[in-house]
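Residues: numbered from 1 along the sequence shown.
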Amino acid sequence: MAAPPRKPRTPPVTRATQLVQANSATRALNILGDRWTLMILHQAFFRVRRFEDFQARIGLARSLLTDRLRRLEAAGVMRRDRYQERPPRDEYRLTDMGLDLYGAALMIIRWEKRWFYDPASPAHRLVHNGHEFTPQFRCAHCDREVVARDTFAVDGPGAGEDPPQKPRAQRRSIVPSENLTPGDPMLERALEVIGDRWIAHLIASTFMGRRRFTELQSALGVAPNILADRLARLVELGVLRKVLYQERPERWEYRLTAEGLDLFPLIAELIRWGDRWLSGPEGPPAILHHRPCGQPLVGRITCDHGDGEVNIVNSGPAT
C-alpha cells in the first residue's frame, strides 16, 4: 500500500512575512526614529538649511548626511531648493509635512528640559511672547494637561496590520558627544532615548499596555537578542523598570517609570502626525480618548506662563 502523500509544510513565519499591529506612532518612528535624522530635524527647526552647515553643526560624515537627507526628502519631510546654479548648490527646507513635526520637537524639548535641564542648551531656552517657557500638552476640549493614565485607545477605521521594519546596516545610531559643535549642545539625553529606532518603538509599545517580553516581540517583530538589549538599555536609562511577576521560572515585565510616563505627550504628538500624514484613505489605525472629558484626544501645545498656544511662528530660541 502506497504511503499517503505528504502534507505540504507550512513555511515558518519570519521577519520578511510577519505582520505587526498598525500604529501611527510606529509609522512615524519608521521615518524619524534615528539619531542622525533627529539631529538634522533639530537643526532644521533652528533654520539650518545648507549641507555644509548641517555637517559643521552635527559632525556627521558626508555619506551619512547625504543618506539621511535623501531619506527625509523621499519621505516628504524635506525638499531641495536650488539657490546657486554654478556650481549647483541646494538648500534643504522643511515641507509642510516636516513643519508639522514642530509639536513633536517641542515635546522632546519639554521632556528633556523637565528631567535634564541645561541652561547652556539653546533648545532649553525657547522663548514665547518675550519670555522663556516650557511647552505644555493640553486637551483642546477641556484644557487639562494630558497625562498617560488619563487616556485610552480604541480601534480606528484603519485598524489592521503593517509589515515589520526593514533591517538597517548599523546596529545602533550613536554619535559621541565630543563630535558635536562646541557651544551648541544637542538634546543629548532625548537623542539617547528616542534616537534608536527600536528603543523608540519599545517606548511607544509600552504606552499601548504591552509589558512582557513575548508581547513586545510579537507586536514589533523584533529579534529576541535586539529586544533584550534595548530593554536592558531602557532600564539602565531609567525609562523602564523590571517587575517580577512569576518566580518559578522567573518572569519579568517592564513598566514605565515616572520619567518614562512623562514621554507620553511626545508619543501622542507622533500619533497625531502619523494619523495626518501616514494613514491611508481608510483613516487612522487607533483613536486616543481623554478620560476626564470623554472626548477624542486633540492635543494643544501651550506656554506654561498662560500666554496661549505655541507654534513655529510665535516661538523660537532665546537671543
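Atom CG of Leu64 is separated from atom CG of Asp34 by 9.0 Å, given to the nearest 0.5 angstrom. Here the CG-CZ distance, from Asp196 to Arg35, works out to 9.5 Å after rounding to the nearest 0.5 Å. Atom-to-atom distance recorded for Thr26:OG1 and Leu220:CG is 6.5 Å, nearest 0.5 angstrom. Taking CG from Leu65 and CD from Glu52, the interatomic distance works out to 9.0 Å, rounded to the nearest 0.5 Å. One finds the CG atom of Leu240 at 9.5 Å from the CG atom of Leu261 (value rounded to the nearest 0.5 Å). Rounding to the nearest 0.5 Å gives a distance of 9.0 Å between OG1 of Thr134 and CG of Leu126.
No side-chain heavy atom of Leu38 sits under 4.5 Å from any side-chain heavy atom of His42. Between Gln55 and Arg62 there is a side-chain heavy-atom pair separated by less than 4.5 Å. In this structure the side chain of Asp81 never reaches within 4.5 angstrom of the side chain of Asp90, judged on heavy atoms. The side-chain heavy atoms of Val193 and Leu263, taken from C-beta on, include a pair separated by under 4.5 Å. By the 4.5 Å heavy-atom criterion applied to side chains, Leu270 and Leu29 are counted as neighbours. The shortest distance between side-chain heavy atoms of Trp277 and Asp96 falls below 4.5 Å. When side chains are defined from C-beta on, Glu309 does not count as touching Ile301, because their heavy atoms never get closer than 4.5 Å. The closest side-chain heavy-atom distance from Phe137 to Met107 is below 4.5 Å.
Within 6.0 Å of the CZ atom in Arg93, the count of heavy atoms belonging to other residues, nucleotides or ligands exceeds 12. Sparse packing is recorded around CD of Glu247, with 12 or fewer heavy atoms of other residues, nucleotides or ligands lying under 6.0 Å away.
Under the 4.5 Å side-chain contact rule for hydrophobic residues, Leu99 and Val77 share a cluster. Val313 and Ile109 fall within the same hydrophobic cluster, where Ile, Leu, Val, Met, Phe, Trp and Tyr residues are linked whenever their side-chain heavy atoms come under 4.5 Å apart, directly or through other members. Leu237 and Trp252 are members of different hydrophobic clusters when ILVMFWY side chains are connected at heavy-atom separations under 4.5 Å. Linking Ile, Leu, Val, Met, Phe, Trp and Tyr whenever their side-chain heavy atoms come within less than 4.5 Å puts Phe116 and Leu234 in one cluster. Linking ILVMFWY side-chain heavy atoms closer than 4.5 Å, directly or via other members, places Leu32 and Phe46 in two distinct hydrophobic clusters.
Remark: Arg50 engages Glu91 in a salt bridge (Lys or Arg N to Asp or Glu O under 4.0 Å) (not counting sequence neighbours). Residues passing the salt bridge (Lys or Arg N to Asp or Glu O under 4.0 Å) test with Glu85, sequence neighbours excluded: Arg82. The side chain to side chain donor-acceptor pair (under 3.5 Å) search around Arg255 returns Glu253, not counting sequence neighbours. Trp273 pairs by the side chain to side chain donor-acceptor pair (under 3.5 Å) definition with nothing, not counting sequence neighbours. A search for side chain to side chain contact (heavy atoms under 4.5 Å, CB included) contacts involving Ala140 returns Val298, Arg300, not counting sequence neighbours. In this view, Glu73 and Arg80 satisfy the side chain to side chain donor-acceptor pair (under 3.5 Å) rule, not counting sequence neighbours. Remark: Ala105 pairs with Phe45 by the side chain to side chain contact (heavy atoms under 4.5 Å, CB included) rule, at least two apart or across chains. Legend: residues meeting ring-ring contact (aromatic ring centres under 6.0 Å, His included) with His131, ordered by chain and number and at least two apart, are His305. With sequence neighbours excluded, the residues forming a side chain to side chain contact (heavy atoms under 4.5 Å, CB included) with Ala190 are Ile108, Trp111, Glu112, Leu187, listed by chain and number.
Residues in residues 261-271 take part in these salt bridge (charged side-chain N to carboxylate O under 4.0 Å, His left out) pairs, two or more places apart or across chains: Arg110-Asp262, Arg114-Asp262, Glu269-Arg272. The stretch residues 278-296 participates, sequence neighbours left out, in no side-chain hydrogen bond (donor to acceptor under 3.5 Å, both in side chains) pair at all.
Counting all heavy atoms, side chain and backbone alike, Gln136 lies closest to Cys303 at OE1-O, 4.0 Å. Here the shortest heavy-atom pairing between Ala286 and Asp275 reads O-OD2, 4.1 Å. Shortest non-hydrogen contact noted between Leu256 and Arg241 is O-NE, 4.3 Å. For the pair Cys293 and Cys139, the tightest heavy-atom approach, listed with the atom from each and the gap, is SG-SG, 3.7 Å. What you find for His128 and Asn314 is that their closest heavy atoms are CD2-O, 3.1 Å. Pairing each heavy atom of Pro224 with each of Phe213, the nearest pair is O-CZ, 3.5 Å.
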Does Arg251 form a side-chain contact (heavy atoms from CB on, under 4.5 Å) with Leu244? I'd like the steps, not just the answer. CA-CA 6 Å; Arg251 294 285 187 268; Leu244 186 70; 5.8 Å; no
Residue pair Arg49, Asp53: steps toward the salt bridge (charged side-chain N to carboxylate O under 4.0 Å, His left out) verdict: CA-CA 7 Å; Arg49 293 173 179 166; Asp53 294 334; over 6 Å; no
Check the pair Thr37 / Ile31 against side-chain contact (heavy atoms from CB on, under 4.5 Å), numbers first and verdict last. CA-CA 8 Å; Thr37 300; Ile31 297 171; 5.6 Å; no
Before you tell me yes or no, could you show the steps for Leu69 and Phe51 under side-chain contact (heavy atoms from CB on, under 4.5 Å), namely the whole-Å CA-CA distance, both residues' side-chain angles and the distance that decides it to 0.1 Å? CA-CA 9 Å; Leu69 287 169; Phe51 188 97; 3.7 Å; yes
The test is side-chain contact (heavy atoms from CB on, under 4.5 Å); show your working for Arg197 and Asn30 and say whether it passes. CA-CA 7 Å; Arg197 64 190 182 123; Asn30 284 340; 5.7 Å; no
Distance-only check: which donor-acceptor pairs under 3.5 Å involve side-chain atoms of residues 204-211, not counting sequence neighbours?
{"unit_1": "Ser205", "atom_1": "OG", "unit_2": "Arg210", "atom_2": "NH1", "d": "2.9"}
{"unit_1": "Thr206", "atom_1": "OG1", "unit_2": "Leu202", "atom_2": "O", "d": "3.4"}
{"unit_1": "Thr206", "atom_1": "OG1", "unit_2": "Ile203", "atom_2": "O", "d": "2.6"}
{"unit_1": "Arg210", "atom_1": "NH2", "unit_2": "Gln21", "atom_2": "OE1", "d": "2.5"}

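Applying side-chain contact (heavy atoms from CB on, under 4.5 Å) to Pro292 and the options Val147, Asp150, Val146 leaves one that passes, Asp150.
Judged purely by atom type and a 3.5 angstrom limit, Thr151 uses its side chain to pair as donor or acceptor with the backbone of Ala148.
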